[in-house]
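Below: one structure, written as structure tokens.
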Amino acid sequence: MPGPSLVLWNIELASADHPVDGSRWVLHIEDGIIRSLRPVDGTDRPSGAIDFSGAVATPGLIDAHLHALSGEVVRNPGFGPPAELKGGEPRQRALGYFVLAAMAQALLSSGFTTVRDVGSDDLEGIALRQAVDLGVVPGPDVLSCGRILSATSPGGAVFTPMYRQADGPDEIRKAVREQVRDGADFIKIMATGARSVERENPEPAQLTREEIATVVEEAHRIGLRVAAHAEGLEGTRLAIEEGVDTIEHGLSLHRDPRLLELMAEKDITLVPTLSTFHDLAERFTESFPRVLVDQAKRQLEEAYESVAAASSAGVRIALGHDSGPPGDNAVEVLRLADAGLSNHAALGAATSAAANALGLEDRGHLAEGKRADIALFARNPLEDLGVLRSPEALLAVVKAGEIVHQA
Ligand SMILES: [Zn+2]
């Protein structure tokens, strides 16, 4: 028995695979899958088809680097509850789960149908995945790493509930297995320290080559991918040479073109997260120690240089916002274009390239047989990427064949 069907009538297609030529299409969806895509070419509207004349469809957007954090207020001004005041009513810990639900709704109703949680407190990313998958709250599909694996480090003192510190191959192998036990969809490691920790130098490698190799071996053996937080060159090198699947941030890559060649050769994706460097260098300078703000200013320039170098070297680039508020994730698409990506490549970073980086071959394209995750806009984002972050331009969002948001 065929499942529920949906027919979208008279739409333009915008994706990394489609030229901007004004052609109009009719799209048949069944059981959550795009069954056919045909040019309209003077045919009549099939009965039951929804008339989207003038609308432009993109694949559902994908964010490959966000943090599903119920308590994150610094990067989400204007989102979630106002900051707590001294003497006010103490807030319940569980309040945070409502914030997570609001975050999921904001992501979905801005066109994001899949997100990858690269670290959250107390397995909140996994709780959110369950809530969405079980139909408790509307939201994008969530892939979560569980806890981030790091060496015993100053970052561990700052981000304790988000980190699982482990030292030596045996301990880190156990840490991988713990994440698998707790429901992780992939593994995230700290190949270097973090720019947001005052006592941590992000330049040297943090985990040893042996530790990284162990994580990759353990994760790949059971079919999970590995994402590496990588700032300084040495840790980035170890992660690439040992075969992780995605390099997060990767701002030092412009310093070593050979590493970019190796990434292209080994099919490793770069997730540049330009927005997060803008945050520390420009947006939230009052919230961080001066030394970190100055460091971020240098890193911001390097991050843009690395995107340009990676793009010329043929490295796949995927979108990661790593910032806030939820719902404004597409600002990263514009920043990738500022760094030199064509509009097609920048939209591809938020769709097909991100799907590929996450190992989700079933989505990211507007093509027969792919999952019907679709965002419908009033104007063509390939002509003006700003459309992607204009709430008034988003007409509807389809996730797995169902309309989940409509203007
Ligand atoms: Zn991050």
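Remember, it's 1-based here, ligands and their atoms both numbered in the order they're listed.
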Output yes if [X] passes the N/O/S-under-2.8 Å test against the Zn ion (ligand 1); output no otherwise.
X	answer
His67	yes
His65	yes
Glu248	no

- Message: Check this for me: does any side-chain nitrogen of one of Arg255 and Glu302 sit under 4.0 Å from a carboxylate oxygen of the other?
- Response: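 Salt bridge: yes.
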- Item | Salt-bridge criterion met for Glu332 and Arg335 (N-O under 4.0 Å) | no
- Item | Reported NZ-to-OG distance for the pair Lys370 and Ser352, which is rounded to 0.5 angstrom | 9.5 Å
- Message: Ring centroids only, cut at 6.0 angstrom: are His278 and Tyr304 within range, meaning strictly under it?
- Response: yes
